[in-house]
2 protein chains.
Amino acid sequence: MDEGLAPDQLQTYFALMEAAGLLQHHVEQQLRAEGGLSYVQFQLLARLADAKGRLSMTELADGVVYSRSGLTYQAGLLEKAGLITRGPCPDDERATLVTITDDGLALLQRVLPGHVRVTRELLFAPLGPDDLRHLGDIMARVRDHMRTQPPRSAAPRKRRA
Amino acid sequence: MDEGLAPDQLQTYFALMEAAGLLQHHVEQQLRAEGGLSYVQFQLLARLADAKGRLSMTELADGVVYSRSGLTYQAGLLEKAGLITRGPCPDDERATLVTITDDGLALLQRVLPGHVRVTRELLFAPLGPDDLRHLGDIMARVRDHMRTQPPRSAAPRKRRA
DNA sequence: TATTGTTATACTCTATAACTATA
DNA sequence: TATAGTTATAGAGTATAACAATA
């Protein structure tokens, strides 16, 4: 099996992508309806709430957004909504430190129950304790592996639509 | 545990979402670079290739796109690129039947090896045979469960950014 | 020179509603 | 009336490149 995927690999891949897509779609609907947030914005707020201190723009972007300007755009929206603040960094005057506001934390709290509800009903409902253990172990390993992969600068041919 | 998620559930959920996001991002880069296709377009072509016959627009949209006009837009692009054709349906004159062209099939073939390569290197590299079996079984069950869930018309409160 | 962040801009994609035509 | 598909249009989001300021 040097090239191509075995049939069970292909099925697993497609099942994973479809399930993740459906889950993300439902979660985005819930976040939008109950908090006016996109999933990216939710991720940024959650990351800021987790890192109780402040994060630089670069640290905040990591893994969530794939371009500098993309984060500047989102941070602009969140700041305008009063959910975060941006300020100078004492250590490095080039950097901007981002902090979540009390309103931001409150919004996160308001949105979380529904978020958890959707996740539980859609993802965990059909799984037993063993499934959960296996899935958590596997996905943690996969995620860690992906994080350490080089950005893969591949860009060979290019044609068509 | 009637409300909220256990810590291991939360970790599993986040690991799944991050891994799926990273995988999708890499796959999209590869598809764009080697075939000029978005992931949605790839899904549509793959679905058409799989269903060797023709599919109506509604059948084609199912699960991939969440609005009628979204599919019309994508189908317009694919047709303009010569990858699909649209024609009338004998059974139901309201419907449009979509077919993948030889060029569409050829493009799919050209893109598939790289697609498989990314998937193997990113998703399957860190997994053993048991992992693959577990993951395939779990995700198939989760996907099937999600498919049968009602569209959940929830849309309670609505505020903020 | 390299890095942090912003801005300007163009582009892709999606969703809503209005519309046509057929069942 | 309900359904299949298209169109018009507006809005959100992303990426590229050029830029300013600091390391």
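Both backbone and side-chain heavy atoms feed into the values below; hydrogens, waters and symmetry mates do not. Below, read A as the first sequence line, B as the second, and so on, with proteins coming before strands; counting in each chain starts at 1.
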Under 4.0 angstrom, heavy atoms only, what part of the nucleic acid is B:Val65 near: base, sugar-phosphate, or nothing? nothing
Interatomic distance where [atom1] belongs to [X] and [atom2] belongs to [N] [whole Å]:
X	N	atom1	atom2	result
A:Arg94	C:dT4	CZ	P	6 Å
B:Lys80	C:dC13	NZ	C1'	14 Å
B:Leu77	D:dT6	CG	C1'	14 Å
B:Glu28	D:dG13	CD	P	16 Å
A:Ile84	C:dG5	CD1	P	12 Å
B:Gln29	C:dT12	CD	P	16 Å
B:Glu93	C:dT20	CD	C1'	14 Å
A:Leu97	C:dT6	CG	P	11 Å

Tell me which residues in residues 66-76 of chain A put a heavy atom below 4.0 Å from DNA chain C, sorted by number, or none. A:Arg68, A:Ser69, A:Thr72
By a strict heavy-atom criterion of less than 4.0 Å, which residues belonging to residues 55-62 of chain A are in contact with DNA chain C? A:Ser56, A:Met57, A:Thr58
Minimal non-hydrogen separation, A:Val65 against A:Leu71, with atom names: CG1-N, 3.6 Å
Pair A:Glu59 + A:Arg47, salt bridge at N-O below 4.0 Å: no
Less than 4.0 angstrom from a charged side-chain N to a carboxylate O is my criterion; do B:Arg133 and A:Asp8 meet it? no
So, A:Thr99 versus A:Arg54: side-chain donor-acceptor pair below 3.5 Å or not? yes
Any link between A:Leu97 and A:Leu83 through a network of hydrophobic side chains (Ile, Leu, Val, Met, Phe, Trp, Tyr) touching at under 4.5 Å? no
So, is A:Arg32 close to the D:dG11 phosphate, meaning a side-chain N or O under 4.0 Å from OP1 or OP2? no
Counting side-chain heavy atoms from C-beta on, which of C:dG5, D:dG13, D:dA4 comes nearest to A:Thr96? C:dG5
Between A:Tyr13 and B:His115, ring centroids under 6.0 Å: yes
Assign each of A:Val64 and A:Asp91 to its nearest nucleotide of DNA chain D by heavy atoms, then name whichever residue's nucleotide is nearer the 5' end. A:Val64
Does the side chain of [X] reach to within under 4.5 Å of the side chain of [Y], using non-hydrogen atoms?
X	Y	answer
B:Leu127	B:Leu135	yes
B:Leu77	B:Gln74	yes
B:Gln24	A:Met17	yes

